[in-house]
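Since the structure comes first, as structure tokens, the remarks are kept for the end.
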Amino acid sequence: MYEKLLSPLDLGFTTLKNRVLMGSMHTMLEEVPGGLERAAVFYAERAKGQVGLIVTGGIGPNEEGVVAMGAAAMTTSEEAAKHKVITNAVHKEGGKICMQILHTGRYAYHPKSVAPSPIQSPITPFKPREMTADDIERTISDYVKCAALAQEAGYDGVEIMGSEGYLINQFIVKRTNHRTDEWGGAYENRIKFPIEIVRRTRERVSENFIIIYRLSMLDLVQDGSTWEEVVQLAKAIERAGATIINTGIGWHEARVPTIGTVVPRGGFAWVTKRMMGEVNIPLIATNRINMPDVAEQILQDGCADMVSMARPFLADSNLVLKAMENKADQINTCIACNQACLDHTFNMKVCSCLVNPRACHETELNFLPTKNKKKIAVVGAGPAGLAASTIAAERGHEVHLFERGKETGGQFNMAKVIPGKEDYSETIRYYNRQIELSGVHLHLNTNATTDLLTEGGFDEIILTTGVTPRKVDFEGSDHPMVLDYVEVLYRNKQVGKCVAIIGAGGIGFDMAEFLSHDHGQEPPSLSKEKYMEEWGVDMAYSQAGSLAVSPKPAPSPREIYLLKRSGGKHGKSLGKTTGWIHKASLAMKQVKMIANVEYQKVDDAGLHISVNEGETEILPVDNVVICAGQEPLRSMYEELQAKGKTVHLIGGANVAAELDAKKAIKEASYLAAEI
Ligand code: NAP
Ligand code: SF4
């Protein structure tokens with residue numbers, strides 16, 4: 001099982017215990033008070049979980065290069081000394097850890113940003129200052145010093161971040177390097193910056209210090225590198241003294257999703273495969289590799305020597321250990337939602353994980369065995385109920401989980417049928433296995449009435465009864481053509497060729513995505529060839545940056561209107577790092593988004609609306625699908641309280657307006673840790 005993945009990787013001077021790299025993630029722990037101590041516990045848990053090599057979040061080599069004002073840098077021995085808590089903790093668990101050196105260049109979110117040329121990026125509000133030749137020499141020295149300090153701090157190596165559109169990448173391509181001196185112009189000049197950084201770093205650090213170079217193998221922007229140029233740089237980086245080359249996919253400003261849930265699992269490993277055989281040092285494949293079987297297949301297919309997984313180690317610190325023990329069915333899988341990791345980072349909040357709220361909170365959230373065993377009833381087997389019941393049972397309580405329906409999973413049963421959200425089924429699989437392992441008594445098809453709960457001898461009751469779709473109230477809202485989202489996504493009600501969706505929140509967007517696919521066809525999220533075609537990535541790499549002439553999305557089988565009453569643009573409530581993907585996807589499917597809508601009535605002619613208080617118009621639709629939010633299902637709460645019971649109300653049942661799996665699982669986990 002996982003023969004290649006679990007085999008050691010000999011680097012000559014040291015051996016990695018397996019082929020799994022925990023990729024760099026900016027958790028924000030380095031930036032908060034006491035954060036390095038928290039980071040030490042976070043990384044040590046992953047080292048204990050047997051990951052082969054860890055890479056930290058990006059650390060700036062100087063003030064100009066940091067992500068934002070006050071963000072982490074390593075410029076002095078004092079700063080290096082503070083990192084020893086991390087390196088000692090990881091080494092104590094038998095792990096290895098490299099520090100990533102990241103200079104953000106024009107992506108810096110502060111006014112001191114610098115770049116090879118003064119060209120502002122489309123995703124930051126600051127115009128960078130053009131670096132002088134002296135600045136460039138000083139910056140190379142800063143990289144080298146930073147690497148030496150990392151060695152002083154006890155790190156096993158560094159990763160030099162050369163991809164994703166950061167400073168090094170900005171030097172490499174014409175798009176951002178318009179210089180006419182020795183650092184610009186011909187490709188040989190543009191790549192001198194990374195080569196000198198690696199060469200001088202190798203000169204400064206000892207031979208047995210790992211240098212990973214993260215090479216942008218696929219820029220996915222106009223005027224990016226050609227494949228021949230990427231290979232030329234890889235060879236030069238090897239000659240300059242790198243130990244390993246990691247793969248970088250897509251600049252942050254690229255308009256092709258590279259890590260979102262819509263990306264097929266392991267969907268970009270083909271890029272690393274192209275590089276195999278071009279250099280003699282190990283290559284690492286990345287992006288959307290979230291389970292050991294996906295990783296093993298990539299190695300078996302000869303795509304790489306090693307794989308990088310980042311977010312999967314937020315979701316489960318023991319991913320590798322579980323693979324080693326042949327317990328992949330117990331892995332809490334990263335579903336690539338970005339809701340508690342990247343969305344937090346971009347909002348300057350400490351990272352966590354939607355499916356594992358302990359991530360980056362290991363010092364405050366722990367599930368210790370109970371000294372006071374209780375009999376607990378949990379009502380509702382959606383994400384909140386699943387988390388509460390399995391954690392409480394694991395701690396030693398007797399837990400009874402009641403579910404009115406025929407299966408567990410709640411709202412995730414609807415999410416998992418949306419094309420691009422197939423991985424949500426993994427969370428249900430994970431919890432179902434946890435139910436078996438922790439000994440939760442599961443009662444499906446059971447209506448937990450107030451009487452049952454009062455007379456069942458329960459010490460505490462947790463209500464996670466969730467929500468019911470909100471009904472709309474206008475003439476004809478009971479017309480047979482009107483459906484709600486549960487009827488479509490869960491009860492398989494058929495929808496005609498022309499459809500109006502009422503409500504443009506997360507579920508309205510999901511519904512539009514669902515209806516814009518032909519369900520007889522495999523979705524792009526399950527086929528890398530279809531995915532690359534849909535988003536305009538040229539797998540033949542015939543153009544610089546590898547963008548195809550134009551994306552070729554499969555046409556929507558339906559004409560779709562996505563309507564909302566409020567003004568402004570659609571999609572404001574969606575996640576910071578994923579909203580643009582949902583919007584771009586629906587735009588490609590030509591979904592018509594209309595705001596400022598007043599709903600008047602539904603009749604056999606269709607949906608009657610007025611837009612911007614204008615004349616009535618009729619949308620000649622076959623169906624109207626209501627995605628207008630939810631109402632909480634919580635009537636039992638007051639009744640049980642009146643009967644003197646200890647009752648907890650969590651998830652959507654508490655505040656339906658905040659229905660959100662991240663919040664539900666987090667609330668459930670904190671409650672179950674204390675109960
Ligand atoms: P929502 O985000 O609250 O959106 C419901 C929409 O329905 C509102 O935007 C509102 O828009 C409209 N609406 C509300 N009351 C209405 C009424 N009486 N008549 C007509 N329209 C009405 O709820 P949701 O879409 O059901 O999502 C629930 C939660 O699930 C969200 O909080 C989100 O966290 C989560 N979720 C997120 C995603 C994602 O990010 N991709 C996907 C699925 C679910 P107007 O007032 O403008 O008409
Ligand atoms: Fe993965 Fe979502 Fe957790 Fe981030 S929050 S690690 S994307 S499951």
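One-based numbering, in listed order, for ligands and for the atoms of each. All values derive from a computational prediction rather than experimental measurement.
For the pair Glu362 and Arg46, the salt-bridge criterion is met [side-chain N within less than 4.0 Å of a carboxylate O]. Between Lys421 and Asp423, no side-chain nitrogen of the basic residue sits less than 4.0 Å from a carboxylate oxygen of the acidic one, so the salt-bridge criterion is not met. Residues Arg38 and Glu30 are not paired through a salt bridge, judged by the lack of any N-O separation under 4.0 Å between the basic side chain and the carboxylate.
Tyr561 carries Lys592 over the face of its six-membered ring, with the cationic atom under 6.0 Å from the centre and within 45° of the normal.
Scanning Gly503, Ala595, Gly420, Gly505 for the heavy atom closest to atom 4 (O) of ligand 1 points to Gly505.
Checked against the 6.0 Å centroid threshold, Phe514 and His519 count as a close aromatic pair. In this structure, His252 has its ring center under 6.0 Å from that of Tyr166.
For the pair Arg565 and ligand 1, the shortest N or O to N or O distance falls below 3.5 Å. Any N or O atom pair closer than 3.5 Å counts here, and Gly506 shares at least one such pair with ligand 1. Taking distance alone, with nitrogen or oxygen atoms compared against 3.5 Å, Ser566 approaches ligand 1 more closely than that limit. Taking distance alone, with nitrogen or oxygen atoms compared against 3.5 Å, Lys564 stays at or beyond that limit from ligand 1. Distances between N or O atoms of Arg470 and those of ligand 1 include at least one value under 3.5 Å.
At a 4.0 Å heavy-atom cut-off, ligand 1 does not touch Gln411 at all. Here Lys421 has side-chain heavy atoms under 4.0 Å from ligand 1, and that is the only part of it that gets that close. Contacts between Ile507 and ligand 1 below 4.0 angstrom, taking non-hydrogen atoms only, involve backbone and side chain alike. For Gln339, no heavy-atom contact with ligand 1 is shorter than 4.0 Å.
Between the side chain of Asp484 and the main chain of Val486, a donor-acceptor pair closer than 3.5 Å is present.
Heavy-atom distances between Glu513 and ligand 1 stay at or above 4.0 Å for every pair.
Shown here are the protein N/O/S atoms lying under 2.8 Å from atom 4 (Fe) of ligand 2, water excluded: Cys341 SG.
Side chains of Asn290 and Thr333: a donor-acceptor N/O pair is absent below 3.5 angstrom, by distance only. One side chain, Asn432 or Thr408, offers a donor N or O that lies under 3.5 Å from an acceptor on the other. Checking Asn246 against Glu159 by side-chain atom types alone, a donor-acceptor pair falls below 3.5 Å.
With Leu563 as reference, Leu607 is the one residue of Asn596, Ile501, Leu607 to meet the side-chain contact (heavy atoms from CB on, under 4.5 Å) rule.
Taking a cut-off of under 4.0 Å to the non-hydrogen atoms of His582, the atoms of ligand 1 that pass are 41 (N).
By the salt bridge (Lys or Arg N to Asp or Glu O under 4.0 Å) test, Glu426 is found to be paired with Arg265, Arg429, residues two or more places apart in sequence or in another chain being considered.
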